[in-house]
Amino acid sequence: MGAVMTLINIAYFVAAILFIVGLKQMSSPTTARRGILWAGVGMVLATVVTFAHPEIEGAVNYLLIILGIAIGGGLAWWSGKKVAVTDMPQMIALYNGMGGGAAAGIGAIYLLQADPETASNVVLAIAVLGSLIGSVAFSGSMVAFAKLQGLMDKTVYFPAQQWANLGVFVVTLLLGLSLALSGGDVNGLVLLLFFVLALAFGIMMTLPIGGADMPVVISLYNALTGLAVGFKGFVLDNPALMIAGVVVGAAGTLLTQLMAKAMNRKLSNVLFKQFGGSTGGATEEVAGSLKPIEAPDAGIMMAFANKVIIVPGYGMAVAQAQHKIWELTQLLLDRGVAVKFAIHPVAGRMPGHMNVLLAEAGVPYDLIYDLDEINNEFKTADVAVVIGANDVVNPIARTDPDSPIYGMPILNADQAKNVIVIKRGRGAGFSGIENHLFYADNTRMLYGDGQKAASDLIAAVKELG
Amino acid sequence: MIEGFVALYIFMLAAFTGYEVISKVPVILHTPLMSGSNFIHGIVLVGTMVALGHATTPLEQLVGFVAVILAAGNAVGGYVVTERMLEMFKTSRGDK
């Protein structure tokens, strides 16, 4: 090992430590910013020393590397700075997909260059596996991005879909196996077909997954990309990739499980069962009626309450109403009303999505409570304000075993003395299930755009002086 | 290639580290954390640089070039988005 390589390895080692310390610090709100900074330092360090890597040869290749970093980094910088906070989930999907694609690219080059003299079947197998996972994460993330970005609204079903997917997967696996056992004598056509089918499988697997399950899927692809990167680390003999990739793979897997559990959905169901598919229909009859309320009345109700719990959902994010909601909250707090925010684990499009939005608006995080922390408090609340949330407050999850969301833990908004639902229209929620809370006797519907409704409420409360 | 069993040990220890680190994360930080871990696997950039670095044919160079672009996007985009999310926590801390 030359002196340069020793130096590079020391830098990689330091980078790996920085990544782990960074991740650790990102697990607490007080140190989180420092965490991403340390991880960033690790990334810059690892990238810079790699320019001295003895395996990088040729002026053209150096030029291509610099050009590639400038193009990819520049575009990502620009898009990342520009994107609205509401759209961040799909940007995570997009950037994650790019990482998966990059890992697949490394695999492709390795397999193209494989030399029958030196190639070992183990390394070939790891390269194939990493490429398969990376390709699936790439195309799957792109579909997730397109769906969340609204470029592709429909979830796509066709007959015998699961069997078709399984078929493509098995063929891809067989092609991969033949590549792994080729002993380094790689057939170009097989290689091409392998990548095409792996990419196709990622698309086919993601197409039928409904928007409500998207956070789980993005998290899964995040874990998969990490794993793919880890495998590439073994192929390239690069410990920085190994450690960072596998750490993310494990962390992402746990996060995916936590999210699926919060939705009371088995991961296998998310991936292989169509959400709400054929079950609806039977339980569509709902007792009671929708009772509208005007903003001034709702404002008075809140202003003279002792305790108000606000339940935000994706609708608030879409309407960009979080700033107005915080303004309203401050008014209520000034009047001596106790105001709390109740966040369901899967509210929004990602876990913690609502927390980020509220933090952006300036809501202190000690006003924000998890499902477990606050669910017993709804009983004592005078008003529960549901803004843009739907399935996460649907009591049917407790009562109707036939419902697709049966068993999902929900926020007990229905137990508050009064419930005000701010909603744009009469449509059902993301899952397409009728919400029985909206028909309850203690519920009033405040129709309108979230931001407009919040402004009206602010005006109503202000009028009371 | 790092010796088979050493590689296996690295894999196992790294997996446990990832699992332990995240198991203590409050829900409030889940999205930034997913974004942050997304940034960290942007280290794939280093791998793409080496892969492109010993590319010899135009096809290999093309694949490597695209891979470097994608990886740089992963790293830079992941950082920018995570930074922007975590920046918001600063203001809320100041309120206390």
Side-chain angles (χ1 to χ4, degrees), chain A residues 19 23-24 26-27 29 32-33 36 40 46 50 53 55-56 61 64-65 68-69 71-73 76-77 80 91-92 95-96 98-99 101-103 105-106 108-109 112 222 225-226 229 232 234 236 240-244 246-248 250-251 254 350-353 355-356 359-360 362 364-365 370, chain B residues 1-2 7 10-11 14-15 17-19 21-22 24-25 27-31 33-38 40-55 60 63-83 85-86 88-89 91-92 95:
Chain A
F19 287 152
L23 256 191
K24 173 88 192 142
M26 273 189 253
S27 66
R33 294 194 82 218
I36 183 68
T50 304
H53 202 289
E55 278 181 52
I56 301 180
N61 286 349
L64 285 176
I65 288 173
I69 293 177
I71 294 174
W77 180 272
M91 293 317 280
I92 298 177
Y95 298 140
N96 174 55
M98 293 171 85
I106 296 175
I109 292 179
L112 282 170
N222 186 43
T225 303
V229 171
K232 292 307 160 195
F234 288 95
L236 293 172
L241 258 70
M242 274 185 216
I243 293 173
V246 175
V247 164
V248 171
L254 178 63
M350 305 207 113
H353 191 181
N355 305 76
V356 171
E360 184 212 15
Y365 54 79
D370 287 350
Chain B
M1 176 74 180
I2 291 175
I10 294 178
F11 190 94
T17 307
Y19 208 81
V21 164
I22 203 187
K24 297 176 192 78
V25 175
V27 178
I28 185 169
L29 281 170
H30 273 180
T31 298
L33 185 93
M34 187 189 300
S35 184
S37 58
N38 177 36
I40 286 172
H41 67 53
I43 188 68
V44 71
L45 174 60
V46 167
T48 57
M49 288 168 71
V50 175
L52 173 56
H54 55 70
E60 289 166 18
V63 174
F65 182 56
V66 172
V68 169
I69 292 178
L70 291 175
N74 182 183
V76 175
Y79 186 85
V80 171
V81 168
T82 312
E83 225 284 325
M85 280 185 200
L86 291 176
M88 296 162 193
F89 286 95
T91 50
S92 50
D95 286 350

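Every chain is numbered from 1 and lettered A, B, ... according to where its sequence line falls, protein lines coming before strand lines. Because the structure is predicted, anything quoted here is derived from the model rather than measured.
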Shortest non-hydrogen pair, A251(A) vs G18(B), comes out as CB-O, 3.6 Å

Among I43(B), L33(B), V80(B), who wins on heavy-atom pairs under 4.5 Å with chain A?
I43(B)

Among G105(A), A250(A), G73(A), which residue has the highest count of heavy-atom pairs closer than 4.5 Å to chain B?
G73(A)

Run the side-chain contact (heavy atoms from CB on, under 4.5 Å) check on V21(B) and V247(A) step by step: do they pass?
CA-CA 9 Å; V21(B) 164; V247(A) 164; 5.9 Å; no

Please find the pair of heavy atoms, one from H54(B) and one from N61(A), that lie closest to each other, and give the distance.
N-ND2, 4.4 Å

Provide the closest heavy-atom pair for I65(A) versus M49(B) in the form atom of the first, atom of the second, distance.
CD1-O, 3.4 Å

In short, M85(B) meets V356(A) closest at the heavy-atom pair CG-CG1, 4.0 Å

Applying side-chain hydrogen bond (donor to acceptor under 3.5 Å, both in side chains), can you list everything that pairs with T225(A), at least two apart in sequence or on another chain?
N96(A)

Does the side chain of V44(B) reach to within under 4.5 Å of the side chain of I106(A), using non-hydrogen atoms?
yes

Under a 4.5 Å heavy-atom cut-off, does chain B meet the side chain of A46(A), its backbone, both or neither?
both

Quick check for you: among V50(B), T82(B), L45(B), T17(B), which has the greatest number of heavy-atom pairs under 4.5 Å with chain A?
V50(B)

Heavy atoms only: give me the nearest I243(A)-A14(B) pair and the separation to one decimal.
O-CB, 4.1 Å

For A15(B) and V246(A), the nearest pair of non-hydrogen atoms, with its separation, is N-CG1, 3.6 Å

Please list every donor-acceptor pair under 3.5 Å in which a side-chain atom of residues 63-79 of chain B meets a protein atom from a residue at least two apart or in another chain.
residue, atom, partner, partner atom, Å
N74(B), OD1, H41(B), ND1, 3.0
N74(B), ND2, Y95(A), O, 3.4
N74(B), ND2, N38(B), O, 3.1
N74(B), ND2, N38(B), OD1, 3.3

When rounded to the nearest 0.5 angstrom, what is the spacing between CD1 in I109(A) and OG1 in T48(B)?
8.5 Å

Identify which part of L236(A) has an atom lying under 4.5 Å from any heavy atom of chain B, answering side chain, backbone, both or neither.
side chain

Looking at chain B, which one of G80(A), A102(A), A103(A) has the largest number of heavy-atom pairs inside 4.5 Å, strictly under?
A102(A)

Do side-chain atoms of N222(A) reach the backbone of S37(B) as a donor and acceptor pair under 3.5 angstrom?
no

